[in-house]
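Bear in mind the structure is a predicted one, so any value in this text is a computation, not a measurement. The first residue of the sequence shown is numbered 1, and numbering continues consecutively from there.
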Amino acid sequence: MEYLGSPDEERDKARFPAGLTVDALLRLSNDSARCTWALDVMNLSWNPRLIPAIHSFKDRLHERLLQLAGASHVGLTVMYRPPVGHEDRGDAYLEQIVDLARRLIDGEQHDPHQSTHPLAADAATGIEVNRQPREPGSVDLLTGLTDTADVGAQLETTLVIPLEKRMNKQLLRTHEHGYPTILAIEGQHWANPAAGA
């Protein structure tokens with residue numbers, strides 16, 4: 001294998017066809033044949049602390065709402081968005097959800113459009129109180145971030161748009177120039193100690 005250069009970094013040197021923006025051209029050969037391949041690298045970054053942070057928030061929220069629902073003999077269904085990126089790990093958001101649930105149970109909140117509660121108009125947060133549940137004190141949590149805590153499944157979902165753009169533009173141009181193409185996906189752990197998950 002021979003590295004021929006990076007069209008993406010050397011666009012101004014006229015060594016490569018215009019519009020070719022892949023990361024590298026590689027010449028691959030065996031005893032009887034030689035072929036130049038285009039290589040492009042797509043980076044995926046994810047925070048390994050994200051899933052534990054989501055689980056921690058869910059567990060704490062569930063425990064607090066179970067206490068509230070049990071004491072009031074109601075059922076609660078709560079839709080929420082895990083507060084990814086908050087330094088306080090979502091403590092303020094958790095308290096707001098619990099407070100709104102308490103107000104709804106007590107009948108203090110009626111019209112969300114006239115409410116001053118910070119979550120009343122939040123499209124990502126919703127609370128339904130069932131006053132005649134089959135299981136009093138039950139709590140169902142639904143998350144607006146993802147249907148699964150599986151990192152692979154999340155990456156599969158988040159890959160679709162950038163991958164389609166790359167295939168329909170950058171890599172399509174590469175094929176039009178006659179290069180067979182390798183797309184490498186590099187996974188990187190994202191770490192930013194200053195910005196909790």
- Message: So Leu142 and Thr77, do their side chains get closer than 4.5 Å, heavy atoms only?
- Response: yes
- Item | Rounded distance [0.5 Å steps], OG in Ser56 versus CG in Leu94 | 9.5 Å
- Query: Once you round to the nearest 0.5 Å, how far does CG of Leu66 lie from OG of Ser138?
  - Reply: 8.5 Å
- Item | Derivation and outcome, side chain to side chain contact (heavy atoms under 4.5 Å, CB included), residues Gln132 and Val74 | CA-CA 7 Å; Gln132 296 179 331; Val74 299; over 6 Å; no
- Decide, yes or no, whether a salt bridge links Asp99 with Arg102 under the criterion of side-chain N to carboxylate O below 4.0 Å. yes
- Taking everything shown except Arg134 itself, do over 12 heavy atoms lie less than 6.0 Å from its CZ? no
- Item | Chi angles and distances behind the ring pair (Phe, Tyr, Trp, His ring centres under 6.0 Å) call for Phe57, Tyr80 | CA-CA 11 Å; Phe57 181 87; Tyr80 71 99; 5.6 Å; yes
- Item | Close side-chain approach of Pro7 to Leu25, heavy-atom, < 4.5 Å | yes
- Quick one: does Arg15's side chain have a donor or acceptor within less than 3.5 Å of a partner on Leu4's backbone? yes
- Note on the structure: CG of Leu171 to CD1 of Ile182, rounded to nearest 0.5 Å, is 11.5 Å
- Message: Are the side chains of Gln96 and His117 in contact, using a 4.5 Å heavy-atom criterion?
- Response: yes
- Message: Please determine whether the number of non-hydrogen atoms from other residues, nucleotides or ligands lying under 6.0 Å from atom CD of Glu135 exceeds 12.
- Response: no
- Could you tell me whether the side chain of Glu10 and the main chain of Ser6 form a donor-acceptor pair under 3.5 Å? yes
- Note on the structure: When every non-hydrogen atom of Val139 is compared with those of His62, the smallest separation belongs to O-NE2, 3.4 Å
- Message: Nearest 0.5 Å, please: how far is OG1 in Thr36 from CG in Leu28?
- Response: 8.0 Å
- What's the verdict on side chain to side chain contact (heavy atoms under 4.5 Å, CB included) for Met167 and Leu172, showing C-alpha distance, side-chain angles and the deciding distance? CA-CA 6 Å; Met167 295 296 291; Leu172 181 61; over 6 Å; no
- Query: Which heavy atom of Leu119 sits nearest a heavy atom of Ile97, and at what distance?
  - Reply: CD1-N, 3.6 Å
- Message: If you define the side chain from C-beta out and look only at heavy atoms, does anything of Cys35 sit under 4.5 Å from Ser29?
- Response: no
- Query: Can you tell me if Thr125 and Arg81 form a side-chain donor-acceptor pair at under 3.5 Å?
  - Reply: no
- Note on the structure: Here the gap from Leu39 atom CG to Met1 atom CE, rounded to the nearest 0.5 Å, amounts to 8.5 Å
- Task: Considering non-hydrogen atoms only, spot the tightest contact between Tyr3 and Ala24 and give its length.
- Result: CE1-CB, 3.7 Å
- Query: Has the side chain of Asp40 got a donor or acceptor atom that lies under 3.5 Å from a matching backbone atom of Asp23?
  - Reply: yes
- CD1 of Ile105 to CZ of Arg131, rounded to nearest 0.5 Å, is 7.0 Å
- Item | Note, Val22 side chain near Asp8 side chain (heavy atom, < 4.5 Å) | no
- Does a side-chain heavy-atom distance below 4.5 Å link Lys58 with Leu141? yes
- Query: For the side chain of Arg27 and the backbone of Glu2, is there at least one donor-acceptor N/O pair under 3.5 Å apart?
  - Reply: no
- Message: Could you check whether atom CD of Gln67 has more than 12 heavy atoms from other residues, nucleotides or ligands sitting under 6.0 Å from it?
- Response: yes
- Task: Check for a donor-acceptor pair, side chain of His177 on one end and backbone N or O of Tyr179 on the other, with a separation under 3.5 Å.
- Result: no
- Would a 4.5 Å heavy-atom cut-off, applied to side chains only, mark Ile127 and Leu76 as touching? yes
- Query: Is there side-chain contact between Gln170 and Lys165, with at least one heavy-atom pair below 4.5 Å?
  - Reply: no
